[in-house]
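Remarks on the structure that follows.
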Amino acid sequence: MLYLASQSPRRRELLDRLGVRFDVIDVDVPEVRAPGETPRNYVSRVAREKAGAGLLKLSGVAGAVVLGADTEVVLDEEVFGKPADASRAAQMLRRLSGRTHEVLSAVWCLDAGREEQAFSITQVEFARLDTGQIAAYVACGEWQGKAGAYAIQGRAEAFVVRLSGSHSGVMGLPLHETMALLQRFGIGA
């Protein structure tokens, strides 16, 4: 049985699109970047820790396979994370305005005997945003709980000039990479 170690509604929605049966398990993993840790290593570590925490909760459940994921917005080697408030959200959007940033998405799959990872890097170019656009977006509240202060599946999609990589990866779960990973564990078509 597949378990998703995430409370993210977006990840649940995306995993549903793959047509696989799964249950959700709640895990609490601190998302704090270690000094000197590269953005890629950070995203991978957090995703692995989520899957590992989920597998620990399921010890004794025969055939449990746990999927953990993490997605972060990175600009100039800085991991943006989720903004704490509207002011920080506006600051992030000003920095992303008119620039190309990366969205890193790591996915780990673990069972009692093995673990494997998939990774997605997507380049996202934002249009130049004026003060009014940023204020309106922040006022709508869509930025809350979103890495980099935006949801590509919402109003912020209009900010995207160009995307090279995985649209679903920017949402939080790169579907192509995830499906290939699950198939290696005997899950899915």
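In this chain, numbering begins with 1 at the start of the sequence shown. Just so we're clear, the structure is a prediction, and the values are computed from it rather than from any experiment.
- Residues E102 and Q123 are in side-chain contact: their nearest non-hydrogen atoms beyond the backbone lie under 4.5 Å apart.
- In this structure, I25 CD1 and D23 CG are separated by 9.0 Å, a value rounded to the nearest 0.5 Å.
- Within the 3.5 Å criterion, the main-chain N or O of Q7 finds a donor-acceptor partner in the side chain of R12.
- L55 and V107 fall into different hydrophobic clusters, where Ile, Leu, Val, Met, Phe, Trp and Tyr are joined by side-chain heavy atoms under 4.5 Å apart, directly or via other members.
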Criterion salt bridge (charged side-chain N to carboxylate O under 4.0 Å, His left out) on R33 and E78, from CA distance to verdict: CA-CA 10 Å; R33 188 172 168 199; E78 180 184 343; over 6 Å; no

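- Note: the hydrophobic cluster containing W108 does not contain V46 (ILVMFWY, side chain heavy atoms under 4.5 Å, direct or indirect links).
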Steps toward side chain to side chain contact (heavy atoms under 4.5 Å, CB included) verdict (Y42, V32): CA-CA 8 Å; Y42 167 67; V32 179; 5.7 Å; no

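- The environment of CZ in R10 is crowded: more than 12 heavy-atom neighbours from other residues, nucleotides or ligands sit within 6.0 Å.
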Working for side chain to side chain contact (heavy atoms under 4.5 Å, CB included), residues V65 and C109: CA-CA 7 Å; V65 176; C109 204; 3.4 Å; yes

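- No continuous path of hydrophobic side-chain contacts links L75 to V79 [ILVMFWY only; heavy atoms under 4.5 Å].
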Verdict with reasoning, M171 to E13, per side chain to side chain contact (heavy atoms under 4.5 Å, CB included): CA-CA 10 Å; M171 287 177 64; E13 172 195 333; 4.3 Å; yes

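- Closest approach of S166 and S120 over heavy atoms only: CB-OG, 3.6 Å.
- The cluster map of Ile, Leu, Val, Met, Phe, Trp and Tyr, joined by side-chain heavy atoms under 4.5 Å apart, puts L14 and V103 in the same cluster.
- With values rounded to the nearest 0.5 angstrom, K82 atom NZ is found 14.0 Å from R88 atom CZ.
- Note that the CD1 atom of I152 and the CZ atom of F159 stand 11.5 Å from one another [nearest 0.5 Å].
- Here the closest heavy-atom approach between residue Y137 and residue Y150 is recorded as OH-CA, 3.4 Å.
- Nearest heavy-atom pair across E142 and G154 is OE2-CA, 3.3 Å.
- For the pairing with H101, the side-chain contact (heavy atoms from CB on, under 4.5 Å) check across D76, V124, V74 returns one residue only, V124.
- The 12-atom threshold is exceeded at CZ of R114, counting heavy atoms of other residues, nucleotides or ligands nearer than 6.0 Å.
- The two residues G54 and A5 have their closest heavy-atom pair at CA-CB, 4.5 Å.
- In plain terms, the two heavy atoms of M179 and G188 that are nearest each other are CE-CA, 3.5 Å.
- L110 and V24 are assigned to two separate hydrophobic clusters, defined by single-linkage of ILVMFWY side chains at heavy-atom distances under 4.5 Å.
- The backbone N or O of L173 sits less than 3.5 Å from a side-chain atom of S168, completing a donor-acceptor pair.
- Nearest heavy-atom pair, A53 versus V29, reported as atom, atom and distance to 0.1 Å: CB-CG2, 4.1 Å.
- Listed for the S97 side chain is no donor-acceptor partner under 3.5 Å among the backbone atoms of L93.
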Chi angles and distances behind the side chain to side chain contact (heavy atoms under 4.5 Å, CB included) call for I121, R40: CA-CA 9 Å; I121 301 174; R40 183 181 176 120; 3.6 Å; yes

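- For the atom pair E116 CD and R48 CZ, the distance stands at 12.5 Å (nearest 0.5 Å).
- I187 places none of its side-chain heavy atoms less than 4.5 Å from the side chain of L67.
- We find the CD-CG distance between E125 and L96 to be 12.0 Å, quoted to the nearest 0.5 Å.
- Between E31 and E49, every side-chain heavy-atom pair lies at or beyond the 4.5 Å cut-off.
- Remark: the backbone N or O of G172 is paired with a side-chain donor or acceptor of R11 at under 3.5 angstrom.
- Looking at R94 and Q91, their side chains never bring a donor and an acceptor atom within 3.5 Å of each other.
- Rounded to the nearest 0.5 angstrom, K146 NZ and S8 OG are separated by 8.0 Å.
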